[in-house]
Q: 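Got a structure for you, written out below as structure tokens; questions coming shortly.
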Protein chains: 2
Amino acid sequence: MKALFLRRIQKLDPDSRPLELMETQITVPGTGEVLIRVAACGICHTELDEIEGRLRQNRKSLTKRLAFCKLPWKGFHWKAGHHMAVTIYDVARHAGVGIGTVSRAMNNSTKIRPETKARIRKAVRELKYRPHALARALALQKTGLIAILLPVFTGYFYIELLKAIQREISQHGYDLVLYSILQSGRTGPCLRRILKERRVDGVLVLSLQIPDAVAQLFRRSGLPVVLADGMHQKLDSFFVENEQGAFEAASYLIAMGHSRIGMIDARLSSPPAHSRLIGFRKALAAHHIPWDPGSLIISDTVSEKDGFNREAGYEAMKRLLALKKNRPTGIFISSDIQAAGAVQAIREAGLGIPDDMAIVGFDDIELAEYLGLTTMHQPLSEMGETAVHRLIQRIGDPDLPVLHRGFETRLVIRQSCGGSRQGASQSLNGARS
Amino acid sequence: MKALFLRRIQKLDPDSRPLELMETQITVPGTGEVLIRVAACGICHTELDEIEGRLRQNRKSLTKRLAFCKLPWKGFHWKAGHHMAVTIYDVARHAGVGIGTVSRAMNNSTKIRPETKARIRKAVRELKYRPHALARALALQKTGLIAILLPVFTGYFYIELLKAIQREISQHGYDLVLYSILQSGRTGPCLRRILKERRVDGVLVLSLQIPDAVAQLFRRSGLPVVLADGMHQKLDSFFVENEQGAFEAASYLIAMGHSRIGMIDARLSSPPAHSRLIGFRKALAAHHIPWDPGSLIISDTVSEKDGFNREAGYEAMKRLLALKKNRPTGIFISSDIQAAGAVQAIREAGLGIPDDMAIVGFDDIELAEYLGLTTMHQPLSEMGETAVHRLIQRIGDPDLPVLHRGFETRLVIRQSCGGSRQGASQSLNGARS
DNA sequence: CTGAAAGCGCTTACAG
DNA sequence: CTGAAAGCGCTTACAG
């Protein structure tokens with residue numbers, strides 16, 4: 001296998017004419033591979049053919065050298081980066097100007113004569129030139145990239161958020177770099193790395209907690225961070241009013257006539273889980289319903305995960321159903337995905353929803369509609385858009401004051417509490433049909 | 001508002017001692033803003049405080065100048081990039097070596113003395129140095145980024161795929177840049193842009209068709225592309241055996257005793273939709289069941305989308321149910337999400353599944369389990385992993401031969417055809433309960 | 001308005 | 001083994 005490797009030497013010798021071959025040499029690494037290295041001055045992408053022609057003419061000398069190495073000549077072969085990319089130098093030469101002028105033409109500088117600009121634009125079109133993003137970023141100290149951190153795709157919840165974020169961000173000319181966090185403990189290290197690597201202009205953090213030390217670091221560095229579905233005192237934060245939502249959810253169960261009300265929550269170290277419990281208890285208190293610790297199940301026993309998953313909801317509901325006395329008749333479940341598991345457990349027990357057990361979820365993921373689940377809707381798109389908007393603002397001015405804003409949830413009534421406005425005809429008691 | 005702007009001048013004067021202030025000057029732009037520009041030679045991050053101290057000592061001269069501009073002195077204020085990042089120069093000076101040596105120490109070069117390396121490592125730790133990703137990428141011609149193109153998050157389908165891809169890719173030390181394609185026509189332009197910008201080392205394309213001209217361009221450029229859930233003759237492609245899957249799905253309906261079998265498909269310009277129709281028809285033919293064009297509904301009439309969505313499935317099923325004569329008793333639906341819509345239509349018509357209408361879906365998204373939907377499972381994780389693996393390989397050697405590989409689907413039997421092995425107790429005929 | 005040059009922060013042949 | 005220098009492909013004060 002042969003390789004002809006063209007290498008551009010820009011300033012090797014300012015006086016050398018363009019296209020002049022500076023050297024040819026042969027190296028023979030391990031497996032009989034032959035590398036012919038040709039350094040030429042000011043090679044332009046569009047001139048590669050000419051270069052190759054010259055080399056062909058020069059072939060006898062190459063062949064001689066190859067023979068010396070006891071290797072046959074088998075023709076030319078371009079190395080990996082087959083076609084060299086067009087650079088600003090190519091454009092400059094093609095248009096007969098300096099590279100600075102090309103740059104000004106590309107960046108809509110005012111300090112350029114219209115005719116010059118037009119000429120350069122034409123060259124750009126002809127060579128199909130487009131600036132190398134990295135080089136531009138390095139010179140500009142601006143990458144055009146935004147990092148987004150999120151817990152492993154737990155699925156449904158993030159789709160709507162991501163969609164809104166992606167739409168908004170690309171509208172502002174940015175691209176998104178995805179960092180998915182496998183364990184919550186990795187959030188800090190990941191952020192530190194992002195900060196140091198300086199590959200992005202800003203960071204969007206979804207549903208993750210940021211250690212104070214890291215928040216501090218970001219503030220000092222001036223690299224903007226915005227939280228969505230999360231909260232940090234020192235950073236822009238957009239969050240769902242979990243407490244208000246849980247309060248409403250529980251109040252609704254009470255309004256539907258339930259007096260023994262339980263809750264299935266996720267691990268309390270998760271801020272939403274924590275707030276939802278608080279809202280739940282406040283609702284009970286507001287309605288003078290006594291608090292029974294026995295009817296609160298933290299569904300994080302199943303795995304090392306935070307408990308926001310179907311299996312956890314399933315197990316938790318089974319434990320609730322096993323309660324001998326004072327079994328609740330209404331349950332507030334801290335997420336729809338847990339509720340899905342809970343529904344399964346209720347079905348398997350041969351019980352009916354809402355007759356034997358009423359449930360209210362939280363999130364309003366698409367699945368909730370299929371389940372006929374009454375739940376709290378979160379305004380995820382709105383939150384995502386707002387967060388992006390703020391991030392863009394802050395990239396423009398890192399010294400903006402910190403902004404916190406909550407988004408209220410909204411009760412969506414379906415069938416799982418019996419209070420459907422459309423009647424219970426679509427209830428989900430498949431098990432009893 | 002004041003700003004003290006520190007600017008590093010590296011080679012301004014090779015003889016100037018470190019920390020020497022080279023100039024101080026004041027500019028007064030528009031709104032009474034004062035910019036004090038201080039260029040110093042070889043300022044190190046860890047020495048900023050010292051610099052500031054000197055400036056403070058020099059304050060009287062600054063104050064004088066400010067007074068000249070009729071502006072009060074209000075102390076120092078660091079400009080945006082508050083803390084300057086640590087560079088390789090800082091480390092080199094801290095360790096008393098050249099920057100080349102630092103680089104070698106960072107990159108595990110063999111050509112470095114262990115003691116030197118240890119000393120540099122220590123400096124790195126002390127200064128918390130980490131290379132600037134962009135600069136490194138520019139010098140190395142390797143960005144550590146992989147682009148992933150996918151149609152707008154239609155949701156469920158891509159979660160599993162993305163999860164597998166993300167896992168695999170980060171294992172190889174890459175990060176993912178997300179490009180979501182709003183209209184399929186944007187695929188080409190987006191790819192061209194990615195190619196030209198050279199921000200990534202490779203491209204993963206999900207479910208999108210690549211124009212021949214663009215494929216050609218990529219081949220010539222040497223930037224690796226791999227397709228997952230898609231196919232192009234000239235590019236590595238990993239795809240689901242849609243035809244085989246549709247064949248099996250239809251065969252299953254036939255085996256369940258149906259002889260009037262319909263299909264709901266998506267727009268046929270979508271390759272999977274097309275293949276699934278072919279597989280479907282082949283199954284009919286194989287079992288000598290006559291083909292009735294009236295019982296095929298292409299569900300793309302609802303919007304400009306491709307038809308792979310719930311609303312489209314809903315409308316399509318309504319049209320099928322409206323059939324006066326020869327109404328099918330079994331339907332193969334080209335995606336689970338359409339099937340979800342179809343289920344709703346069947347329910348609303350007061351019909352039962354599978355008694356009045358049996359359905360088989362395709363995809364096996366999580367929703368299918370809740371719906372009790374019998375469907376074709378796609379090995380998405382496996383396909384995602386394989387695609388990434390190939391991409392990494394190809395980044396290592398762009399001249400690898402083109403690889404194509406199909407992944408077989410698997411029938412998952414639930415309740416929607418009545419053939420459940422667990423009995424029909426969990427069937428979804430909520431409408432009739 | 002324009003070109004030449006310094007700089008963005010790294011890597012790596014080259015010459016000790 | 002190590003330092004000095006050229007190069008990666010751009011932008012932008014600076015000096016005409």
Side-chain angles (χ1 to χ4, degrees), chain A residues 7-14 23 25 27 37 39 41 45 81 84-92 95-117 119-120 129-144 196-199, chain B residues 7-14 23 25 27 37 39 45 81 84-93 95-117 119-120 129-144 196-199:
Chain A
R7 188 156 154 65
R8 180 197 315 259
I9 307 270
Q10 267 168 33
K11 297 178 197 169
L12 193 62
D13 177 2
E23 53 169 310
Q25 59 179 81
T27 336
R37 192 169 168 288
C41 179
H45 167 267
M84 294 180 73
V86 184
T87 71
I88 199 171
Y89 286 88
D90 298 330
V91 177
V97 296
I99 59 160
T101 309
V102 175
S103 176
R104 278 183 280 262
M106 294 296 290
N107 294 294
N108 288 316
S109 165
T110 53
K111 314 177 171 198
I112 188 168
R113 202 164 45 182
E115 304 105 75
T116 318
K117 186 162 166 178
R119 190 150 44 93
I120 292 173
Y129 169 68
R130 186 156 201 160
H132 186 140
L134 293 184
R136 192 150 197 276
L138 188 59
L140 239 33
Q141 300 286 68
K142 175 167 177 348
T143 68
K196 288 289 187 176
E197 289 192 339
R198 283 178 290 170
R199 205 196 281 277
Chain B
R7 188 157 153 63
R8 179 198 315 260
I9 307 269
Q10 268 170 34
K11 299 179 196 167
L12 192 61
D13 177 3
E23 54 168 310
Q25 60 178 81
T27 335
R37 191 169 169 289
H45 166 267
M84 293 180 73
V86 184
T87 72
I88 200 171
Y89 286 88
D90 298 331
V91 178
R93 189 130 52 80
V97 296
I99 59 161
T101 309
V102 175
S103 177
R104 279 183 280 260
M106 295 295 291
N107 294 294
N108 289 316
S109 163
T110 52
K111 316 176 169 199
I112 188 167
R113 203 164 45 181
E115 305 106 76
T116 320
K117 186 163 167 178
R119 189 150 43 91
I120 292 173
Y129 169 69
R130 186 156 201 158
H132 185 140
L134 293 185
R136 193 150 196 276
L138 188 59
L140 238 33
Q141 301 286 66
K142 174 169 178 346
T143 68
K196 287 289 187 177
E197 289 192 339
R198 283 179 289 169
R199 205 196 279 278

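Within every chain, numbering begins at 1; the chains are lettered A, B, ... in the order of the sequence lines, protein sequences first and strands thereafter.
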Q: Round to the nearest Å and state the distance from R130(A) atom CZ to dG9(D) atom C1'.
A: 16 Å
Q: Nearest whole angstrom, please: distance from the C1' of dG9(C) to the CE of M106(B).
A: 12 Å
Q: Please state how far atom CZ in R119(A) lies from atom P in dG3(C), giving the value in whole angstrom units.
A: 8 Å
Q: Sticking with atom P, work out how far dC14(D) lies from dC10(D), rounded to a whole angstrom.
A: 24 Å
Q: Nearest whole Å is fine: how far is dG9(C) P from K142(A) NZ?
A: 17 Å
Q: Expressed in angstrom and rounded to an integer, what is the separation of I88(B) atom CD1 from dT12(C) atom C1'?
A: 11 Å
Q: Within this structure, what is the CZ-to-C1' distance between R199(B) and dG9(D), rounded to whole angstrom?
A: 14 Å
Q: Under a 3.5 Å cut-off for both contacts, is dA13(D) paired Watson-Crick or G-U wobble with anything, and if yes, with which nucleotide?
A: none
Q: Quick one: on DNA chain D, does G98(B) or R198(B) contact a more 5' nucleotide (nearest heavy atom)?
A: G98(B)
Q: Is the phosphate of dT2(D), meaning OP1 or OP2, less than 4.0 Å from a side-chain N or O of T116(B)?
A: yes
Q: Is there a Watson-Crick or G-U wobble partner for dA4(D) with both distances under 3.5 Å, and if so, which one is it?
A: none
Q: Identify, with sequence neighbours excluded, every residue that meets side chain to side chain donor-acceptor pair (under 3.5 Å) alongside T101(B).
A: none
Q: Could a donor-acceptor pair under 3.5 angstrom be found where the side chain of R104(B) meets the base of dG3(D)?
A: yes
Q: Would you say the side-chain atoms of R104(A) pair up with the backbone N or O of K117(A), donor to acceptor, closer than 3.5 Å?
A: no
Q: D90(B) CG to dG9(C) P: how many Å, rounded?
A: 9 Å
Q: Does some side-chain heavy atom of M106(A) sit less than 4.5 Å from a side-chain heavy atom of I120(A)?
A: no
Q: I want to check one thing: is the phosphate of dT2(C), taken as OP1 and OP2, less than 4.0 Å away from some side-chain N or O of T101(A)?
A: no
Q: When rounded to the nearest 0.5 angstrom, what is the spacing between CG in D90(B) and CD1 in I99(B)?
A: 11.5 Å
Q: With respect to the phosphate group of dC10(D), does any side-chain polar atom (N or O) of Y129(A) fall under 4.0 Å of OP1 or OP2?
A: yes
Q: First locate atom CZ of R130(B), then atom CZ of R136(B), and finally report the distance between them rounded to the nearest 0.5 Å.
A: 10.5 Å
Q: State, yes or no, whether a side-chain contact exists between I88(B) and P131(B) at a heavy-atom distance under 4.5 Å.
A: no
Q: Could you check which residues of residues 134-141 of chain A get a heavy atom under 4.0 Å from DNA chain C? Sort them by number, please.
A: L138(A), A139(A), Q141(A)
Q: Looking only at heavy atoms, which two atoms of L134(B) and R199(A) are closest? And how far apart?
A: CD2-CG, 4.5 Å
Q: In whole Å, what separates the C1' atom of dG16(C) from that of dT12(C)?
A: 16 Å
Q: For Y89(A) and dA6(D), what is the distance between atoms OH and P respectively, to the nearest whole Å?
A: 13 Å
